[in-house]
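Have a look at the structure below, then the notes.
Chain identifiers are assigned alphabetically (A, B, ...) following the order of the sequence lines, protein sequences preceding nucleic acid strands; residue numbering begins at 1 within each chain. Every value quoted in this text rests on a predicted model; they were computed, and no experiment measured them.
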Amino acid sequence: MNSYLVSILQDALGKISDLPKSEFPEIQIEKPRDPSHGDAATNIAMLLARPLKMPPRKIAESLIAKLKTDPEKVSSVEIAGPGFINFRFADNWLYQQLKAVLDAGENYGKGDAQQGKKVLVEFVSANPTGPLTVGHGRNAVLGDTVARLLEWSGAEIEREYYFNNAGRQMRVLGMSVHARYLQLLGKEAELPEGGYEGEYITDIARTLQDEHGDSLSEKPAEDDIFKKAAEQAIFAEIRKTLERMNISMDSFFNENELYESGAIEDVVQKLRDADLAYDAEGATWFKTTTFGKEKDTVLIKSTGEPTYRLPDIAYHANKIERGYDLCLDIFGADHIATYPDVINGVKSLGLDASKIDVVVYQFVTIVKDGKPFKMSTRKANFVTLDELMDEVGSDVTRFFFLMRSPDSHLEFDIAEAKEAGEKNPVFYLQYAHARICSILRKAAEEYGELEDDTNLSLLNHDAEIRLIKNVFDFPGAVSQSAVHREPHRLITALNEIAASFHKFYHDCSILGEERDLAMARTSLLKAVAQTLANGLGILGIDAPERM
RNA sequence: GCGCCCGUAGCUCAACCGGAUAGAGCAACUGCCUUCUAAGCAGUAGGUUUCAGGUUCGAGUCCUGACGGGCGUACCA
């Protein structure tokens, strides 16, 4: 519809002015906030006021005089306010589109903006040092949902989890298990400096005890067996947690591969060749001052250990070399500072860094017992995602993380999510879907199955028209959410559909109505239920048939 | 100090690329179940969009500067 309006406006535009085509401002069609302003509006007359040196309303008048609208599509065109041109859609067009929604079914809302693109979404990527916490939840849910949105835009998606099982963190983790293991055997042992205090460490030690008795007691704390046991147990838990949240990874990428393949050394060498890396003070540096940073950045510490930036660069280079059209990273605001280094690193290797894009989300503030709660994996001060899902389920968990803009700090009130039961906004959507399903079941009993020749033009109640129009907003909401990587936009649109449905439910009945009308309304509700189900599906949330 | 994000109703947050009278939920108050699920609907109240300038037909949105909050700014990840 929008492209139709743009094309007839362009025609009319050509007739009223002799401006060269390149000077025309882009014709924007938007949906007015206030429904009394019609179904679509354009501000083109206002944009032309300056170049044409005419008052906007005058321009709008002459534009409309030349506008050839198809009465089957547009029922009225009006000038309003400072110079908006408002269009109202013809009812017949609405009915045709509604039919199209029903025909599209579970594909309704799919677009082709990313058709044929191969996209890698990397998210979660928590190192296996402990269970996933509520803090990781936003990353996990956001990443998965953005992936789903891109799938709905036609992209071919791969979900990847990047992790590092070497390094200091993991060493301390293994030593922590070792200490707990000795304690279980009744021996004196202390957690290492900065050790992991969580209960799960003892559980892992107990498993080792069950399998090996005391035969490991002479092993040094750094022995791989402790670390490996921890990694395996923790990863198993992480996978389970993700699965519970409806998240399924396609691949797990171990940072270690980058060392084994020589990719790390390769990066350093190439940077040296490009005169962007040098040795000083026992360390190897990346000349980030070349790119406008205040200081150069250490790539390899004087201990010989790389900083995380080096494998990050190698990893992103690896992703691009694997041939994706887009590599999307999901990370928290605390990692934003490293992003330019990675981009500059990748560029310096002669790769196309424009294929990398990033979704940054702001921190989650956990509110527990009415107070902000500081979490630390190491100190075992955390609420795990599993605990949260035990309380509220995965639907509520996902919804909470998605309902706010990624740019916005998210306050996650545990108590509120727990008691959320009836008040929880996710139920508003699910309830609408369940309510429709219930009606459809009863309508099928009373009137039999839908027939193809349903007379949709019987739908002319205000509540019906509003509902139809809201359903039409869905594909746009999906594509906008995908483009901006902001799932909350989709939630807003779904909320409006649900609200319009609940209003319809109140105003219009089906059972007891004359058959033709009942059938028409049943068709409408099928379209609404389908739309809600599609939308909830993108959010990874169940669309229940009964509640 | 510098960089990024944020500041909107009592609270948590929306507002599509700069559009028309800034919207929801929660909390408060008033109505609506003999009738397809009241996990709902309708209504009342609640705002100088932190402040001061600027840009223009038009600013919550863009620019500058204050103020307030978060996160960075490591040879930690």
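Under 4.0 Å is where a charged nitrogen must lie from a carboxylate oxygen, and between A:R466 and A:D462 no such pair does. Using a cutoff of 4.0 Å between basic side-chain nitrogens and carboxylate oxygens, A:R272 and A:D279 are scored as salt-bridged.
Of the candidate nucleotides B:rC36, B:rA14, B:rC71, B:rA14 has the atom nearest to the side chain of A:H488. Of the candidate nucleotides B:rU37, B:rA77, B:rC36, B:rU37 has the atom lying nearest to any side-chain atom of A:R435. Of the candidates B:rG69, B:rC41, B:rA77, the closest approach to any side-chain atom of A:H409 belongs to B:rG69.
For B:rC41, the OP1/OP2 oxygens have a side-chain nitrogen or oxygen of A:Y428 closer than 4.0 Å. Contact annotation: A:Y339 side-chain N/O to B:rG72 OP1/OP2 distance is not under 4.0 Å. At B:rC36, none of the side-chain N or O atoms of A:S509 fall inside 4.0 Å of OP1 or OP2 (strictly under the cut-off). One finds a side-chain N or O of A:H484 lying less than 4.0 angstrom from the OP1 or OP2 phosphate oxygen of B:rC17. Within the structure, a side-chain polar atom (N or O) of A:K301 is placed less than 4.0 Å from OP1 or OP2 of B:rA77. Taking only side-chain nitrogens and oxygens, A:R50 comes nearer than 4.0 Å to OP1 or OP2 of B:rC57. Taking side-chain N and O atoms only, A:R489 has no distance below 4.0 Å to OP1 or OP2 of B:rC16. The phosphate of B:rA39 has neither OP1 nor OP2 within less than 4.0 Å of any side-chain N or O from A:H502. For B:rA14, the OP1/OP2 oxygens have a side-chain nitrogen or oxygen of A:S408 closer than 4.0 Å. Using a 4.0 Å cut-off, some side-chain N or O of A:K295 falls inside it from OP1 or OP2 of B:rA74. Regarding contacts with the backbone of B:rU37, a side-chain N or O of A:K442 is found under 4.0 angstrom from either OP1 or OP2.
No engagement by A:T338 is indicated, since no non-hydrogen atom pair under 4.0 Å with the nucleic acid exists. Using a 4.0 Å heavy-atom criterion, one finds that A:Y308 contacts the bases of the nucleic acid, with or without backbone contacts as well. Within the 4.0 angstrom heavy-atom criterion, no nucleotide atom of any strand lies near A:A443. As judged by a 4.0 angstrom heavy-atom cut-off over every strand, A:A41 is placed among the base-contacting residues. Nucleic acid contact for A:C508: base, since at least one base atom lies under 4.0 Å from a heavy atom of the residue. Counting any heavy atom pair closer than 4.0 Å across all strands shown, A:R441 reaches no nucleic acid atom. Looking at heavy-atom distances under 4.0 Å, A:A477 makes no contact with the nucleic acid at all. Residue contacts for A:A337: at a heavy-atom cut-off of 4.0 Å it reaches the sugar-phosphate backbone alone, with no base atom in range. Nucleic acid contact for A:D341: none, since no nucleic acid atom lies under 4.0 Å from a heavy atom of the residue. Across all strands shown, A:E281 has heavy atoms under 4.0 Å from base atoms, whether or not it also approaches the sugar-phosphate. Using a 4.0 Å heavy-atom cutoff across all strands shown, A:S438 reaches at least one base atom of the nucleic acid.
Comparing the P positions of B:rU48 and B:rC5 gives a spacing of 27 Å, expressed to the nearest Å. Between B:rC17 and B:rC33, the distance separating the two C1' atoms is 46 Å to the nearest Å. Going from the P atom of B:rC63 to that of B:rC16 covers 15 Å, rounded to whole Å. Taking atom C1' in both B:rG47 and B:rG10, one finds a spacing of 12 Å when rounded to whole Å. B:rG60 and B:rG3 have their C1' atoms separated by 24 Å, with the value rounded to a whole Å. One P atom belongs to B:rA66, the other to B:rC2, and the distance between them is 9 Å to the nearest Å. Taking the P atoms as reference points, B:rA52 lies 15 Å from B:rA59, given to the whole Å. Straight-line distance between the C1' atoms of B:rA24 and B:rC36: roughly 27 Å, to the nearest whole Å.
Aromatic ring orientation, A:F163 versus A:F235: perpendicular (interplanar angle above 60°, classes split at 30° and 60°). Between A:F474 and A:W152, the ring planes are perpendicular. Angles over 60° get that label, and only those under 30° would be called parallel. Classified by interplanar angle (parallel below 30°, tilted 30° to 60°, perpendicular above 60°), the ring pair A:F412/A:F401 is tilted.
For B:rU37, there is no paired base (Watson-Crick or G-U wobble, both distances below 3.5 Å). Of all nucleotides present, only B:rG70 satisfies the Watson-Crick or G-U wobble test against B:rC4, with each distance under 3.5 Å. In this entry B:rG18 has no Watson-Crick or G-U wobble partner, no candidate having both defining distances under 3.5 Å. Using Watson-Crick or G-U wobble geometry with both donor-acceptor distances under 3.5 Å, B:rG43 finds its partner in B:rC29. Partner assigned to B:rG60 is none, using Watson-Crick or G-U wobble distances below 3.5 angstrom. Here B:rC51 sits opposite B:rG65 as a Watson-Crick or G-U wobble pair (both hydrogen-bonding atom distances under 3.5 Å).
Judged by distance alone with a 3.5 Å cut-off, a donor-acceptor contact links the side chain of A:S302 to the base of B:rC75. Taking 3.5 Å as the limit, the base of B:rA77 and the side chain of A:D312 contain no donor-acceptor pair of atoms between them. Counting distance only, with no hydrogens placed and no angle test, the side-chain atoms of A:N43 and the base atoms of B:rG19 include a donor-acceptor pair under 3.5 Å.
Both thresholds, 5.5 Å between centres and 30° between ring planes, are met by A:H37 relative to the base of B:rA20, so the two rings are stacked. With centroids closer than 5.5 Å and planes inclined by less than 30 degrees as the test, A:F84 and the base of B:rA20 pass as a stacked pair.
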- Message: Using the rule given for salt bridge (charged side-chain N to carboxylate O under 4.0 Å, His left out), can you reason through A:K319 versus A:E122, listing the C-alpha separation, both sets of side-chain angles and the distance that settles it, and then say yes or no?
- Response: CA-CA 10 Å; A:K319 288 199 275 194; A:E122 180 224 322; 3.0 Å; yes
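Looking at A:T129 and A:N127, their side chains never bring a donor and an acceptor atom within 3.5 Å of each other. In the model, A:H316 has a side-chain atom that pairs as donor or acceptor with a side-chain atom of A:D329 under 3.5 Å.
Cation-pi geometry between A:R435 and A:Y505 is satisfied (NZ or CZ under 6.0 Å from the ring centre, within 45° of the ring normal).
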